[in-house]
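Data block below; observations after.
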Amino acid sequence: MKTINNKYINGILALVLLFSTTSCLDFLEEKVYTQYDPDSFLKDPSGVDALLTGAYNRSRIIAYDHRNYTYLLNEFCTDVSFETGGGLERVAAPFIQFNWPINNNILNGQWNKMYSAIASANTVLIVANGLTDLPETELNAIKGEARFIRASAYYYLYNMFGPTPIIEIPEGASPDEIEEIGQSTPRATKEEFFDYVISDLTFASENLPTEETLIGRATKGAALGYLMKFYLNDKNWELAASTAQQIMDLNYYSLYDDYEKLFSVDGEANREYIFRAPCLPQGGYQNNYMAHAFPPGYPVLSSWANYGAQFRTYTAFYKTFEEQDLRRNLFVTAYTNTSGNMVELVEDENGNPLDNVRSFKYWPDPDGVGESHGNDIVYIRYADVLLSRAESLNELNGPNTESIDLINEVRRRANVSEISLADYPSTEALRDFILEERGREFYSEGLRREDLIRHGKFISGAVSRGYNAEAHQVLYPIPLQQIDTNPNLEQNPGY
């Protein structure tokens, strides 16, 4: 079985096995959950925590999942960056050129990954519902984490495909019934999908701690952050603004003083990261961005890899930064290669764009090994909260002092000139500036596609770069592999 619904089924079937076995082994030594005595397992908080850990691991967008989701699917199709070279060029080209097929393996892999995380989260919830000896606050915290994982997975599915099936397994379902549910559930309506995800995130925000006790675990701010982005991308400006304010009112987060170090391993102890994936310089747990960003012949450490696949930034985008902008300093624009030759990356001697600037945003980890660097990958950070509230207030009220102040808070950290209310006489003028500022703030973080879609410039931008993009491509197609297994899955229009 090869589709996501079957990935979901496999996770639930493991749970069925868990409750049908009578063998008893030492949980802490073996961690063979399918052979552990259910009665002991359900009474052991460490057992539930182990299930949660598995759910987190399935939901993490790290390593090649990070490369695929963040860059191939959400940045190479925009005005920020693209890829050439190596074996990846053939894989990346359809997303750059807006000619992705409906049976694309990258899209199918993302679908499978997210539904695997959903299955794991639902497993935790089923087990948690059987716990009787935990205090309600502790039980709700467990459920809050599981519902956060589930909701965040549905958030990413929605970002790619629009509403997808909401999979729920009734108590006591047989393996055959579980398989039937996975292979027959149709897509939810938008209203059903929103109600479901908002309910999960609201519950999580009400039952999770504010402080990140373990790196990468869900918090109140993380749940509110996904809720804010869900509202923002749906253009529900009032709820996006109020949810952003809720995060600000926690008085827990702040902008990190040094933008240039924010994404380095030295800058990870900060209060700007609201939700992130912890990474290690080892296979399966790594951030492998930099191996794709080093230009040819760049003088890397002998322990680092420099791939033939090249992540390149458009010259036009680089030129939107003011000269003194600290965010600009994380780009490599020229270097002396290992042969001793100076290589220019911005323009040639005639001023023609080379479109070859390199983003070193995830500054190389000195302890990196091969492609594996230990920079934590951030999904939501406080700067996004400030700019999201600024955007929402502008859409609600037109240019206003609070929006300007929020934008300037982000710009001051970057050491660039502040803007004034008088400079932006209309909602449209400030809207366009906010989109530009979000590009400068969040490049290499995979937010550009959703920002351009929200601002109605995703398709027109692709056309201006010479690609035959069409209106329906604001969503990716439901993978054909899924439709072949589930005949009740309706394809997105245009595919």
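All values derive from a computational prediction rather than experimental measurement.
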Output the distance between atom CG (D451) and atom CD (E437), rounded to the nearest 0.5 Å. 12.0 Å
Distance alone, cut at 3.5 Å: any donor-acceptor contact between the side chains of Y273 and E268? no
Does E75 pair with R448 as a salt bridge, N-O distance under 4.0 Å? no
Which of F203, F230, F193 passes side-chain contact (heavy atoms from CB on, under 4.5 Å) with I198? It is F230
Going from CG on L475 to CE on M160, what distance comes out if it is rounded to the nearest 0.5 angstrom? 11.0 Å
Is the shortest distance from a Lys or Arg side-chain nitrogen in D257 or R413 to a carboxylate oxygen in the other one below 4.0 Å? no
Donor-acceptor pair, distance only, cut-off 3.5 Å: does the side chain of N408 make one with the backbone of I419? yes
Tell me whether R217 is salt-bridged to E211, with the criterion being a basic N under 4.0 Å from an acidic carboxylate O. no
Does R58 come within less than 4.0 Å of D65, counting only side-chain N to carboxylate O? no
Of the options F442, Y362, F275, which is the one that meets V378 in a side-chain contact (heavy atoms from CB on, under 4.5 Å)? Y362
Output, in order, the C-alpha distance, side-chain angles, deciding distance and verdict of side-chain hydrogen bond (donor to acceptor under 3.5 Å, both in side chains) for Y443 and R327. CA-CA 9 Å; Y443 68 89; R327 299 169 298 194; over 6 Å; no
Here's one to test your reading of the geometry: is the NZ or CZ of R271 within 45 degrees of the ring axis of Y253 and under 6.0 Å from its centre? no
Verify whether one side chain among R312 and S81 offers a donor that lies under 3.5 Å from an acceptor in the other. no
May I ask you to decide whether D384 forms a salt bridge with R438, counting only side-chain N to carboxylate O separations under 4.0 Å? yes
May I ask you to decide whether D234 forms a salt bridge with K190, counting only side-chain N to carboxylate O separations under 4.0 Å? yes
Fit a plane to each ring of Y69 and Y156, take the angle between them on a 0 to 90° scale, and name the class: parallel (under 30°), tilted (30 to 60°) or perpendicular (over 60°). perpendicular
Is a donor on one side and an acceptor on the other found under 3.5 Å between the side chain of T78 and the backbone of V80? yes
One thing to verify: whether R431 and E436 come together as a salt bridge, which I'm taking to mean a side-chain N less than 4.0 angstrom from a carboxylate O. no
Report yes or no: does D325 contribute a side-chain atom to a donor-acceptor pair with the main-chain N or O of F321 at less than 3.5 Å? no
E395/K235 salt bridge by N-O under 4.0 Å criterion: no
Salt bridge flag under 4.0 Å for residues E322 and R328: no
